[in-house]
Amino acid sequence: MLRQAGIELAGVTFDPMIASFVLDPGRRSHAIENLSLEHLAHALPSYEDVVGKGKNAQGFPAIAPSVAGDYSGTRSMAVLALQAVFQPFLERMAAEPLFRGIEMPLIEVLVDMEWRGIAIDAEVFARLGREFQEELSTLVRQIYAAAGEEFNLNSPKQLGAVLFEKLQLPVLKKTKTGVSTDADVLAQLAAMGHEVPHLILEHRELQKLLSTYVDVLPGAVNPRTGRIHTTFNQTGAATGRLSSSDPNLQNIPVRSPRGEAIRRGFVPGPEWVFVVADYSQIELRLMAHMSEDPAFIAAFRRGGDIHRETAAIIFDVPAPEVTSEMRARAKTINFATIYGQGPFALAKQLDIPQQDAKEFIAAYFERFAGVRAFLDRQVEHARDQGYVETLFGRRRYIPEIKDKNFNTRAFGERTAQNSPLQGSAADLIKRAMISIHHGLRAQGLEAQMLLQVHDELVFEAPLAEVDAVRDLVKREMESAADLLVPLVADVGVGPNWLDAKA
DNA sequence: TTCCGAGTCAGG
DNA sequence: CCTGACTCGG
């Protein structure tokens, strides 16, 4: 906002939203109105109070100076008063390094990223729009023909009626309110040879990609800059991750061929290229480091494919003899472990009996006893201390861990196991972002960081700077922390987001 | 017209 | 496990 007015803010030393986030990232809101009400017992006028809401809303410039002044002035006073409240807590909780060393310096990095924005190729999106629309129309005709009637394909309720009542397909899963028609269910029905579920799956994919990305992103281009400017929320995710919204550029498709086509539509400025870097298996590496499990550490130090390595250990065969089936199993259980999943969730994921999943997990933890101990330690810590923390001391409180309800408690336990890993990964990439931001300036490079997608950074750079940027990014990402296992970042260069990814 | 919960699914 | 967006329907 200030930059638009030609004002460059410097020397920002204390942001109460960030302080609140560091002290308790699990809070519902870190909005200044709420912080003021709670910590200062003082109600601030909300933005909506001042400009109105809905169709009556006016722009801030239209607000009478006395009202706008009151709005801004009371906020400024709240900021100062909140600093007095939070500063002693930051010190007492040893949260200063996280606050001063990571979160506060990150603000200007994110401001620059948002300000710069990212370009898309309008031609690509226009073409995809036509193609997807065409395919969608064909599918809709086929589905109506196969179902023998027309209905709203976007309504799970109507779809359920057609599939499970009219066509008499077996009900495999239920939701709170009715019959489930999610992708999992449809895939199983399709595998049983039913045509309609297969067509619906195809329809769902196209509908999703079209209505969430292809149709929307071109409209998100700022006419003044010709680029899309997302908002990175620094206080939104309880684990310490960033989130992105309006539009969310952290969930751009990539897993399907059509998703890849969308990613090809994100492009650098003319004559520039994308440099894309992503951490290799960062959460698993952190698990190896934090658990100090000798087998896991050795597997990472051997280099190579970690899922293959773990498969070799679990199934007790030499790494070259690991089949793709074994590797897929190992990969699934590796992720299940990061997420703190138990036999129930794993069984569902692998589509095997719960008893088999139980034995599988037992075999896994027998080989990786250090990992088991680490995960147990997190749960125990959450019970004793009320919170868990990351490598850089980011705390997350987990009151659910003492809940009387079994499901709530189990949720708390999974959170206790997952948050230190997900949160430490967030700490690391944030550190890397700060040092890369400084490095680019120090070397006088024009290249700029555009996006962060949890374990990935997207830059655009002039061709002449590619080597320097690649080296800087890789070096800073890999040295963001000194772990017991190597920290590896893969860097790629290309003419669009898809092709720049290794 | 607007809001909200539920279901679904895109990413990590 | 962590998110945000779209659609439906009350």
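Protein chains get the first letters and strands the later ones, always in sequence-line order, with residue 1 at the start of each. This one's a predicted model, so the numbers in the text were calculated from it and none came from an experiment.
Counting non-hydrogen atoms under 4.0 angstrom, A/Phe411 reaches the backbone sugars and phosphates but no base. As judged by a 4.0 angstrom heavy-atom cut-off over every strand, A/Glu456 is placed among residues making no nucleic acid contact. Within the nucleic acid shown, A/Gln422 comes within 4.0 Å of at least one base atom, counting heavy atoms only. Within 4.0 Å (heavy atoms only), A/Arg396 reaches sugar-phosphate atoms of the nucleic acid but no base atom.
Taking the six-membered ring where tryptophan is involved, the planes of A/His307 and A/Phe335 are tilted, since the angle between them lies from 30° to 60°. Ring-plane geometry between A/Phe296 and A/Phe368 is classed as tilted, the angle between the planes lying from 30 to 60 degrees on a 0 to 90 degree scale.
Between A/Lys157 and C/dG10 there is a side-chain polar atom (N or O) within less than 4.0 angstrom of OP1 or OP2. Distances shown here put every side-chain N or O of A/Asn251 at or beyond 4.0 Å from the OP1 or OP2 atom of C/dA5. Applying the 4.0 Å criterion to OP1 and OP2 of B/dG11, one finds that A/Arg255 has a side-chain N or O inside that range. One finds no side-chain N or O of A/Asn248 lying less than 4.0 angstrom from the OP1 or OP2 phosphate oxygen of C/dA5. Regarding contacts with the backbone of C/dG9, a side-chain N or O of A/Ser155 is found under 4.0 angstrom from either OP1 or OP2. Side-chain N/O atoms of A/Gln452 include none lying less than 4.0 angstrom from OP1 or OP2 on B/dG12.
The nucleotide whose nearest atom lies closest to any side-chain atom of A/Ser243 is, among C/dG4, C/dC2, B/dG7, C/dG4. When distances are taken from the side chain of A/Arg241 to each of B/dG12, C/dC1, C/dA5, the shortest belongs to B/dG12.
Although no hydrogens or angles enter the test, the distance criterion places no donor-acceptor pair under 3.5 Å between the side chain of A/Glu309 and the main chain of A/Gly304. A donor-acceptor pair is defined here as one N or O able to donate and one able to accept, closer than 3.5 Å; no such pair exists between the side chain of A/Asp278 and the backbone of A/Glu456.
Residues A/Gly240 and A/Phe21 approach most closely at CA-CZ, 3.8 Å, considering heavy atoms. Nearest heavy-atom pair across A/Ile429 and A/Gln452 is CG2-NE2, 3.3 Å. When every heavy atom of A/Glu114 is checked against every heavy atom of A/Thr230, the shortest pair comes out as CG-O, 3.4 Å. Taking both residues in full, the closest heavy atoms of A/Gln250 and A/Leu242 are given as OE1-O, 3.6 Å, listed atom of the first, atom of the second, then distance.
A/Arg258 places its CZ atom 18 Å from the C1' atom of B/dG11, with the value rounded to the nearest Å. Look at CZ on A/Phe335: it is 14 Å from P on B/dG11, rounded to the nearest Å. We find that OH of A/Tyr213 is positioned 9 Å from P of C/dC6, with the value rounded to whole Å. To the nearest angstrom, C1' of C/dT3 lies 6 Å from NE2 of A/His454. When the P atom of B/dG11 is taken as reference, atom CD1 of A/Ile338 falls 18 Å away, rounded to whole Å. A straight line from CD of A/Glu260 to P of B/dA10 spans 14 Å, rounded to a whole angstrom. The interatomic distance linking A/Gln281 (CD) with B/dG12 (P) rounds to 12 Å, in whole Å. What separates CZ of A/Phe344 from P of C/dC1 is a distance of 11 Å, to the nearest Å.
Checking A/Phe266, A/Trp497, A/Phe232 one by one against A/Leu249, the side chain to side chain contact (heavy atoms under 4.5 Å, CB included) holds for a single residue, A/Phe266. In summary, of the residues considered (A/Val140, A/Ile200, A/Leu136, A/Leu139), a side chain to side chain contact (heavy atoms under 4.5 Å, CB included) with A/Gln207 occurs for A/Leu136 alone.
At a non-hydrogen distance threshold of 4.0 Å, A/Arg204, A/Lys208 from residues 200-212 of chain A come into contact with DNA chain B. DNA chain B lies under 4.0 Å from no heavy atom of any residue of residues 231-240 of chain A. Contacts between residues 161-188 of chain A and DNA chain B, counted as heavy-atom distances below 4.0 Å, involve A/Thr175, A/Lys176, A/Thr177, A/Ser180, A/Thr181, A/Asp182, A/Ala183.
The number of heavy-atom neighbours closer than 6.0 Å to NZ of A/Lys474, taken from other residues, nucleotides and ligands shown, is above 12. Counting non-hydrogen atoms of neighbouring residues, nucleotides and ligands closer than 6.0 angstrom, the NZ atom of A/Lys174 reaches no more than 12 such neighbours.
Ion pairing of A/Arg372 with A/Glu366 is absent here, as no side-chain N (NZ or NE/NH1/NH2) approaches a carboxylate O to less than 4.0 Å.
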